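Here's the structure we're looking at; comments come further down.
Keep in mind it's a predicted model, so treat the numbers as computed, not measured. In what follows, chains carry the letters A, B, and so on, assigned in the order in which the sequence lines appear, proteins first and then strands, with residues in each chain numbered from 1.
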Amino acid sequence: MGLTKESTGKNAVDSMLQIKKMTPDDKVIAIAGNPNVGKSTVFNGLTGLNQHTGNWPGKTVTNAQGYCRYGNSGYVLVDIPGTYSLMAHSSEEEVARNFICFGEPDAVIVVCDATCLERNLNLVLQTLEITRKVVVCVNLMDEAKRKHMQIDLDAISRKLGVPVTGTVARRKKSLDKLMQSVENLMKLDKDTPFKIEYIKPIEDAVAQLEPIIKSKVKKIDSRWLSLKLLDYDESLITALNDYLGYDLLADSHIREGLAKAKQVLSDNGITSDILRDKIVAGLVLTAESICSDTVHFDKRDYYARDRKIDKILTGKWTGFPIMVALLMGVLWLTITGANYPSAMLSDALFWIEDRLTDAFHWLGAPDWLHGMLVLGVYRVLAWVVSVMLPPMAIFFPLFTLLEDLGYLPRVAFNLDKYFKKCRACGKQALTMCMGFGCNAAGIIGCRIIDSPRERLIAIITNNFVPCNGRFPTLIAILTMFFAGAAAGPLESVYLAVLLTGVIVMGIFATFIVSRFLSGTVLKGVPSSFTLELPPFRKPQIGKVVVRSIFDRTLFVLGRAVAVAAPAGLVIWTMANLRINDLTLLAHCSRFLDPFAKLLGMDGVILIAFILGLPANEIAFPIIIMAYMSSGSLMELDNLWDLKQLLVENGWTWITAVSTMLFSLLHWPCSTTCLTIKKETQSLKWTAISVIVPTVIGIIVCFIFSGIARLLTS
Amino acid sequence: MNSIISLKDLKQGQRARVKSLLSTGSIRRRLQDLGLIEGTEVECLQKSPAGDPVAYLIRGAVIALRSEDSSNVLVN
């Protein structure tokens with residue numbers, strides 16, 4: 001029982017999912033639904049887990065599972081990717097379909113958006129064709145209420161013959177009701193799927209085939225399987241044969257029956273294309289008729305507010321300015337807000353460092369031990385925490401707010417034309433937004449792009465969006481070297497403008513490289529594209545803040561810290577281990593120096609980027625550490641002392657800009673590389689994802705520093 | 001006023017019913033999944049700032065389509 005490698009087939013995205021039951025009696029419940037209907041919120045509410053949520057289609061791209069107890073039973077809940085259909089046009093749909101069909105869940109909860117019920121019912125109907133064990137969860141009832149929609153859930157339930165429960169996923173009570181329905185459903189043992197009437201020739205063909213299927217295959221609904229065999233779908237047949245353990249079509253009876261049934265269709269002039277159309281039409285029209293007398297709302301009223309907002313957010317004259325202003329605003333708040341706590345944290349952490357030093361002296365610990373642990377490990381840790389934590393703790397919640405509101409799909413809508421010009425997909429904008437948080441997350445997010453060619457483009461270029469690990473570095477350098485032009489309150493505005501400029505450069509790099517890839521290694525034309533612009537939703541501010549701090553900030557910080565500690569050790573050792581009167585670090589940086597100088601940097605900076613491979617966050621602390629250990633040791637109380645240190649080590653504005661450019665344009669961190677490898681299943685594309693940004697970074701830095709030196713000399 | 005045009009030629013604010021889908025392959029299925037079948041009413045909501053894609057109201061959901069795809073949907 002459960003989903004095994006065999007049952008999902010070779011092409012499934014998550015073939016490794018193993019259902020983890022706590023007791024053998026636990027029931028397995030699949031949570032399905034259209035993209036962006038709050039599936040993950042329902043899942044989180046029931047399991048107490050923190051699967052990431054957000055108001056844009058395609059958030060959940062893998063099967064996640066969690067556990068929930070209700071009454072006397074335990075339930076394993078599986079959150080499957082959002083799909084519009086189970087006809088499997090993309091890898092996520094294949095995962096969803098295979099789990100519902102062959103994962104043998106005890107029940108399926110289909111989550112629907114109350115404000116868009118008719119379309120959502122399409123998936124409900126398709127699920128009902130496979131299994132009767134369905135609970136329809138009409139989510140976002142609060143949004144529907146706000147839009148003055150009246151939905152007669154009982155009537156829908158009567159029509160469908162399965163429980164229909166209205167929920168507001170963030171309210172525990174309504175979720176209890178949902179689980180009550182699930183429990184009730186478990187007690188029923190009838191399992192005759194809901195029947196959708198198709199046009200007569202199709203019904204006649206099914207009548208030919210179904211009895212044969214029924215006698216041969218027990219584990220799967222015969223009517224559904226007959227329909228699927230008529231509407232031949234190769235990926236389904238492959239998954240089906242894997243599940244059954246034998247080749248269904250090898251059976252001569254079935255082959256004969258299928259041939260007869262197909263004859264019925266062709267006698268009636270129904271080709272395979274027409275068949276597919278008629279099946280879809282059957283589903284859509286059934287959904288329409290179910291909703292026609294159970295859902296009531298005033299259309300004008302309902303759409304008016306969102307349309308007004310969209311007119312502004314995606315308007316001809318306002319769309320782009322607002323986009324830039326929002327980006328700048330978020331960055332400004334981040335910079336301004338982070339200043340003060342950053343200074344406080346650094347004071348506190350360095351005060352602790354002094355006390356640690358005292359303790360080491362008092363214990364009579366040898367100097368090298370103190371050096372390694374306090375000056376090495378602890379100091380880099382302290383730097384990473386004080387520089388990284390405050391900006392992240394501000395940026396993530398702000399960004400999550402925009403995400404929950406539903407703004408991100410509007411960004412994709414605004415920018416799609418330019419992606420089309422680069423022969424890429426507009427949804428790449430969504431994956432770039434994810435990249436702001438973490439490039440590895442952005443790359444996983446690329447699964448929302450259906451065309452493999454366009455997905456690869458999005459994966460390779462994702463690194464041009466500076467992730468949160470690189471923001472603080474950029475902010476620190478900008479503050480030290482360029483904020484001087486404007487003093488006082490204007491300073492942070494000026495900084496935000498500069499940082500926005502850096503990001504816009506990254507976006508340009510994305511466009512240029514996407515276009516370049518489309519013309520060379522990833523030749524092709526832009527594929528078709530549909531993008532849903534979801535209704536705006538009121539974000540729950542409190543929850544957003546808590547969630548983004550605990551889920552994202554602490555997670556990313558934890559990773560940085562885990563990398564920073566050993567890196568601190570390595571760098572301290574390198575800076576203190578002498579060979580031929582020179583430290584190891586000096587040897588390395590001397591070796592890299594000539595090349596680094598060509599790029600406007602120095603050997604130390606390049607080493608820092610190399611050692612920063614596991615996490616970009618630590619690159620800057622390594623630079624500081626390297627300078628401090630080789631130069632005069634001093635206290636760094638604020639950024640101005642730091643600037644002093646950098647200037648003493650030969651930094652000019654050219655060094656600063658080159659370092660920023662290289663930070664924006666260099667190899668992805670190791671986590672991202674591993675993710676790329678996992679997602680593309682190819683070393684070649686992983687290598688290209690490393691080489692492309694690195695080569696571009698080298699070229700850009702070389703040209704920039706060359707010109708800058710010429711101009712200043 | 002019953003002439004057949006493509007969805008692409010629909011002006012902002014105009015509504016029409018789908019006559020037929022010319023697109024093939026996966027985009028055809030995708031559009032059908034969204035409920036875009038013969039007889040479905042579609043309203044053109046607005047263009048994106050760059051003029052393409054355009055947002056349409058299809059069965060209660062707002063869906064953006066590129067001109068290449070909307071030109072393959074005939075409406076009247």
Side-chain angles (χ1 to χ4, degrees), chain A residues 34 83-85 87 89-90 93 113 115-120 122-123 273 276-277 279-281 283-285 287-288 291 295 297 299 302-303 306-307 310-311 314-320 323 409-410 412-418 420 426 450-451 525-535, chain B residues 6-8 10-76:
Chain A
N34 278 190
T83 61
Y84 291 114
S85 148
M87 296 189 186
H89 316 142
S90 67
E93 289 186 8
D113 179 347
T115 63
C116 187
L117 195 55
E118 187 184 316
R119 198 198 60 210
N120 283 244
N122 190 342
L123 183 71
D273 279 343
R276 176 72 67 125
D277 287 2
I279 289 178
V280 174
L283 291 163
V284 172
L285 295 174
E288 192 182 270
C291 284
V295 181
F297 64 103
K299 268 193 182 163
Y302 164 45
Y303 298 115
D306 278 10
R307 292 293 71 77
D310 265 337
K311 283 254 150 57
T314 62
K316 192 171 179 186
W317 304 109
T318 45
F320 287 116
M323 214 159 64
R410 270 79 191 175
F413 182 58
N414 285 343
L415 289 174
D416 179 62
K417 177 144 187 198
Y418 305 100
K420 188 166 92 179
D450 293 333
S451 142
V525 289
S527 69
S528 301
F529 157 92
T530 59
L531 174 77
E532 181 166 3
L533 302 177
Chain B
S6 83
L7 191 55
K8 188 185 149 207
L10 213 58
K11 301 264 179 323
Q12 191 168 320
Q14 277 184 335
R15 270 180 277 172
R17 279 186 188 280
V18 176
K19 189 73 193 142
S20 69
L21 288 180
L22 299 180
S23 36
T24 54
S26 70
I27 180 66
R28 181 183 182 88
R29 297 180 190 178
R30 173 75 67 202
L31 293 174
Q32 290 173 335
D33 286 344
L34 295 172
L36 205 71
I37 59 168
E38 200 185 314
T40 301
E41 190 185 71
V42 182
E43 180 182 340
C44 174
L45 291 178
Q46 73 170 110
K47 288 179 179 173
S48 65
D52 187 37
V54 176
Y56 298 94
L57 183 64
I58 303 171
R59 294 187 185 265
V62 182
I63 311 284
L65 297 177
R66 284 178 175 171
S67 58
E68 286 81 356
D69 300 318
S70 57
S71 63
N72 275 330
V73 180
L74 298 185
V75 295
N76 63 9

TODO: Test Val62(B) against Asp306(A) for side-chain contact (heavy atoms from CB on, under 4.5 Å), laying out the working first.
DONE: CA-CA 10 Å; Val62(B) 182; Asp306(A) 278 10; over 6 Å; no
Task: Spatial distance of atom CD1 (Ile58(B)) from atom CD (Glu118(A)) [nearest 0.5 Å] - done: 12.0 Å
TODO: May I ask you to say whether Asp450(A) pairs ionically with Arg30(B), meaning some side-chain N is under 4.0 Å from a carboxylate O?
DONE: yes
Open item on the list: Counting only non-hydrogen atoms closer than 4.5 Å, does Leu31(B) touch chain A with its backbone (N, CA, C, O), its side chain (CB onward), both, or neither?
Closed with: side chain
Open item on the list: Can a side-chain donor-acceptor contact be found between Ser528(A) and Asp69(B) if the only test is distance below 3.5 angstrom?
Closed with: yes
Task: Asp277(A) and Arg28(B): CA distance, side-chain angles, deciding distance, salt bridge (charged side-chain N to carboxylate O under 4.0 Å, His left out) verdict - done: CA-CA 9 Å; Asp277(A) 287 2; Arg28(B) 181 183 182 88; 2.3 Å; yes
Open item on the list: Rounded at 0.5 Å granularity, tell me how far CD in Gln32(B) sits from CG in Asn122(A).
Closed with: 10.0 Å
TODO: With the side chain counted from C-beta on, respond yes when Arg307(A) and Leu45(B) share a heavy-atom pair under 4.5 Å apart, and no when they do not.
DONE: yes
Open item on the list: So which atom in Ala281(A) and which in Ile37(B) form the shortest heavy-atom distance, rounded to 0.1 Å?
Closed with: CA-CD1, 3.8 Å
TODO: Just do the side-chain contact (heavy atoms from CB on, under 4.5 Å) check on Thr530(A) and Ile27(B) with the steps written out, would you?
DONE: CA-CA 8 Å; Thr530(A) 59; Ile27(B) 180 66; 3.9 Å; yes
TODO: State, to 0.1 Å, how close Arg119(A) and Ala61(B) come at their nearest heavy-atom pair, and which atoms those are.
DONE: NH1-CB, 3.0 Å
Task: Under 3.5 Å: donor-acceptor pair, side chain of Arg66(B), backbone of Ser527(A) - done: yes
Task: Structural part of Asp310(A) lying under 4.5 Å from a heavy atom of chain B - done: both
- [ ] Could you please spell out the steps behind the side-chain contact (heavy atoms from CB on, under 4.5 Å) verdict for Arg29(B) and Arg276(A)?
- [x] CA-CA 9 Å; Arg29(B) 297 180 190 178; Arg276(A) 176 72 67 125; 3.5 Å; yes
Task: Residue Lys316(A) excluded, over 12 heavy atoms near NZ under 6.0 Å - done: no
TODO: Check step by step if side-chain contact (heavy atoms from CB on, under 4.5 Å) holds for Leu531(A) and Ile63(B).
DONE: CA-CA 6 Å; Leu531(A) 174 77; Ile63(B) 311 284; over 6 Å; no
- [ ] Just give me the residue among Leu283(A), Leu117(A), Thr314(A) that pairs up with chain B most often, heavy atom to heavy atom, under 4.5 Å.
- [x] Thr314(A)
Open item on the list: Do Lys420(A) and Asp52(B) have side chains that approach each other closer than 4.5 Å (heavy atoms only, starting at C-beta)?
Closed with: yes
Task: Contacting moiety of Ser67(B), where chain A heavy atoms sit under 4.5 Å - done: both
